[in-house]
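Here is the structure we will look at, set down as structure tokens.
The sequence lines fix the lettering, A, B, ..., with proteins before strands; numbering per chain opens at 1. Because only heavy atoms are used, hydrogens play no part in the values below, and waters and symmetry mates are left out as well, while side chains stay in.
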Number of protein chains: 2
Amino acid sequence: MYYYYLIMPVNKLSPLFSNSETIKCLYYNKVATSTEVSNLTGKSIPHVIKVLGELTKAGYVTVNGYASSSGGRKPLVYSLVADSHYILSVAMDQFSAQMVIVDMNNAFVTDTERYEFPINELTPDALIAYINEFLEKKEIARETIIGVGLTMPGFIDTEQNVNYTYSSIAGESLVGYIQQQISIPVFLENDSTAIAIAEQKFGVAAHIKNVMVLNLGWGIGLGMILNDQLFTGNNGLAGEFSHIPLFKNGKLCTCGKHGCLETEASLIAVTANARQGIKEGLTTSLANYPEINADIIIAEAIKGDVFSVKLISEAAYHVGQGLAILIHLMNPGAIVLSGKGSMVGKLWLAPIQQAINEHCIPRLTQFTEFKISDLNTRAQLIGGAALVVENFGKALEEKLNSIEAVT
Amino acid sequence: MYYYYLIMPVNKLSPLFSNSETIKCLYYNKVATSTEVSNLTGKSIPHVIKVLGELTKAGYVTVNGYASSSGGRKPLVYSLVADSHYILSVAMDQFSAQMVIVDMNNAFVTDTERYEFPINELTPDALIAYINEFLEKKEIARETIIGVGLTMPGFIDTEQNVNYTYSSIAGESLVGYIQQQISIPVFLENDSTAIAIAEQKFGVAAHIKNVMVLNLGWGIGLGMILNDQLFTGNNGLAGEFSHIPLFKNGKLCTCGKHGCLETEASLIAVTANARQGIKEGLTTSLANYPEINADIIIAEAIKGDVFSVKLISEAAYHVGQGLAILIHLMNPGAIVLSGKGSMVGKLWLAPIQQAINEHCIPRLTQFTEFKISDLNTRAQLIGGAALVVENFGKALEEKLNSIEAVT
DNA sequence: GAATACTTTTTTAAATTTTTAAAAAGTCTT
DNA sequence: AAGACTTTTTAAAAATTTAAAAAAGTATTC
């Protein structure tokens, strides 16, 4: 089992790289017929059938019987062999990392574990230790893991594999270092971008050509799907929705500028406003807590605390102001509320709509639909796994190279 | 000559449609070697050489001798036959239409004529009369014109071929009507989008993957090049930069909303501010005019009138505020100042930079370059012609169909 | 309820396209 | 001026697509 890749002649495997489009297709659709794969990959049916046959022989793909037909020959149904490979998804936010292992049917095959630490204190070696600990605990053979999807906040340059914001963990060449230490290919991506991928492939953004996916968390991230593909800008830094200069409130933002959207609309701003309100002696159930945080405000808002609802509504209205700009510029087919904050998506929706109605040309708004994510807190983990699938060919190749280097 | 298309068997021509990528490539590069065409179209060299041979035989392409080589066999240089076809470009703004005929080397082969009228009073029949008048005056055989590129301001849905803003001239099916009346295929596009195409293909935006092209005119239009291709949103309505809600000035915009960028930054706003200043008795050479307009203010600003410069600077600063948002969202490689207003591009640049410095995260600005168009007032006309080239295959097909219908 | 018409998928064979390799044509250095 | 190196073009092989036929169903009709 361990020597699987070694026994197989290298040049025998090479067609697999070019077949990664078919693998992606099956991963995102769970099951598919040859016609469906043909339509999705843009390859001809005879070619697709040949590829599927090869992949079946190689153990990546299996036939699941026949699908029904509206009249005509029943098509064979193909799917990936769920346990042929696994993916480790590592989803970080400012204060923790969540890990889970995903199979080739996009199913979580382990519990999700959370490791807590402030992100800017994390070292590569500490992260490696967490990953090793997790893998040993879950008793998944390292050789079956095709790649690690590492997703985190920050300005991430995916060409250079660098996180400019948190360079201690993902600075220059550190991704390469981690990859080498755990002997599994590692793919790095921004958290909001990962969430956008998840929503596009498995969420409410599926099959919409142009989508703005909001990551409602500590800040307000934005992942953009334009013309059915991820848009990350000229240097991978697009989507800094949080820091668009929108207010003349004089409030200093963490980015060093004044009046960013974040200063009025993030959960950090909401928490600050809550503290101010309590200090002023407002009637609110928040006053019963010794110390408050965003989770508490959200919880109380759901329970119906008027002040908490007002706080979130205000933030949401400001987000809506920003979205009005986005709609004018991008004319998107949909805007998706995702990320942690989407758990209370309906609380956000009304004030956002209000702001849009006030600030948008009606002719434009009619084309943009609002949707609330149903992936909940799993979005980033799913996106991280999809990131590895997107790079399946590359992952396989790197795995081969590393094994070749050992022999 | 007249029956050229009829003599040729229809199915003989069909490969030409699929060769339109090669034609586009030659049109945009003026001259190109087989290797260049191969790289640009993504087709293999043997295939490109075959296609070029066919096109040469059909009279579309000619060989221009050999290019120099940095070491190695000299490549053959191909170009389009300049007079094999012509394009009529019709560029409208709010008050006039400019027309010119362009050959297959992207050269203007006639003078540019201007027809004046308020755009919302123009009828399709009037436009048809202007076009016919122009064509007869220029003595260009109608059969050699492969298509008309019609570009104008307004919310244009390129799927439906409808201008929602000025529907009297380009409402439902009116484009089809014009096309039928003049027996030449017509292609409709937004003015700012046309300018963006022109800048990408022939201007300072060439070879940059992600570019924001500003159309500085009566309003402030925006055409976006994302991942090397035009982005027009889910319904062709993207780029409404003029109407992003940015101010709390209470000023009513033509769009019906308050506080649009246009209310502070357009030439209309500049003119209003100028009148106000004159009324207040400020010292300015503008006071010498019985009635002022944007052209006069620009002229006086160039001459050095302090008040005029201040007016334009203020507008430019506001444009810069909007651009700061754009940079955060899109992380563009370049921002191009184009359109009529770019004639005084340097006047705009300093205050825009000022605003960017104040409102943008420095890490982002370093990746975005500012450029001033060198296409001047020709940008929209060039873009209109390019629009026809982009649809060359379609144009040829429609021409064929219309001739077929006659026989 | 069997025969026929219609759909849809799969297979087969032919045509096209692309890739790979080799040959031709040229430049540059020593 | 010869040989090493580059680049384009041609030729042959490999891969992919297109078109057509065959296979396997479903629905309808008499």
Side-chain angles (χ1 to χ4, degrees), chain A residues 9-26 29-58 60-79 393 396-397, chain B residues 9-26 29-58 61-79 393 397:
Chain A
V10 172
N11 60 342
K12 260 280 182 189
L13 258 176
S14 59
L16 270 181
F17 306 148
S18 64
N19 295 347
S20 53
E21 283 305 310
T22 303
I23 289 175
K24 279 184 216 175
C25 183
L26 289 174
N29 284 59
K30 302 255 195 334
V31 296
T33 66
S34 59
T35 309
E36 283 164 353
V37 174
S38 169
N39 288 336
L40 291 165
T41 59
K43 303 284 171 180
S44 68
I45 290 178
H47 182 238
V48 164
I49 287 176
K50 197 188 104 199
V51 168
L52 285 170
E54 283 169 9
L55 288 173
T56 304
K57 213 181 243 175
Y60 289 77
V61 165
T62 183
V63 174
N64 282 22
Y66 297 94
S68 64
S69 164
S70 62
R73 185 167 172 174
K74 285 178 178 172
L76 284 171
V77 177
Y78 298 87
S79 69
L396 217 54
E397 195 168 8
Chain B
V10 174
N11 58 341
K12 260 279 184 189
L13 256 177
S14 59
L16 270 182
F17 305 148
S18 64
N19 296 348
S20 52
E21 284 304 311
T22 303
I23 290 176
K24 280 183 213 175
C25 186
L26 290 173
N29 285 56
K30 301 257 195 331
V31 294
T33 66
S34 59
T35 309
E36 283 165 354
V37 174
S38 169
N39 289 336
L40 290 164
T41 59
K43 302 286 169 179
S44 68
I45 289 178
H47 182 238
V48 165
I49 287 177
K50 198 187 103 200
V51 168
L52 285 170
E54 284 169 9
L55 287 173
T56 305
K57 209 180 249 174
V61 167
T62 182
V63 174
N64 282 22
Y66 296 94
S68 65
S69 165
S70 64
R73 183 167 172 175
K74 284 180 178 170
L76 284 171
V77 177
Y78 299 87
S79 69
E397 194 168 12

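Using a 4.0 Å cut-off, no side-chain N or O of Thr35(A) falls inside it from OP1 or OP2 of dT8(C). One finds no side-chain N or O of Ser44(B) lying less than 4.0 angstrom from the OP1 or OP2 phosphate oxygen of dT17(C). Listed pair Lys43(B) / dT17(C) fails the phosphate criterion, with no side-chain N or O lying under 4.0 Å from OP1 or OP2. When the side-chain nitrogen and oxygen atoms of Lys74(A) are compared with OP1 and OP2 of dT9(C), none of them lie within a distance under 4.0 Å.
Across the protein-nucleic acid pair, Glu54(A) atom CD and dA15(D) atom C1' stand 11 Å apart, rounded to whole Å. Regarding Leu76(B), its CG atom lies at a distance of 12 Å from the P atom of dA25(C), rounded to whole Å. Tyr66(B) places its OH atom 16 Å from the P atom of dA24(C), with the value rounded to the nearest Å. Here the P atom of nucleotide dT19(C) and the NZ atom of Lys50(B) are 14 Å apart, to the nearest Å. If you measure from atom CD1 of Ile49(B) to atom P of dA24(C), you get 16 Å, rounded to the nearest angstrom. In this structure, NE2 of His47(B) is placed 12 Å from C1' of dT17(D), rounded to the nearest angstrom.
Annotation: of the two residues near DNA chain D, Gly72(A) and Ile45(B), the 5′-most nearest-nucleotide partner is Ile45(B).
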Side chain to side chain contact (heavy atoms under 4.5 Å, CB included) assessment of Leu40(B) paired with Asn29(B): CA-CA 10 Å; Leu40(B) 290 164; Asn29(B) 285 56; 3.8 Å; yes
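Across all their heavy atoms, Ser20(A) and Gly393(A) have their closest contact at CB-N, 3.8 Å. What you find for Ser38(B) and Val48(B) is that their closest heavy atoms are CA-CG2, 3.8 Å.
In the set dT16(D), dT11(C), dT10(D), dT10(D) carries the atom at the smallest distance from any side-chain atom of Pro46(B). Out of dT10(C), dT9(D), dA11(D), the shortest distance to the side chain of Ser34(A) is found at dT10(C).
Between atom CG of residue Leu52(B) and atom CD1 of residue Ile45(B) there is a gap of 11.0 Å, rounded to the nearest 0.5 Å.
Looking at Glu21(A) and Lys24(A), a side-chain N of the basic residue comes within less than 4.0 Å of a carboxylate O on the acidic one, giving a salt bridge.
The residue Thr33(A) sits apart from the nucleic acid: no heavy atom pair falls under 4.0 Å.
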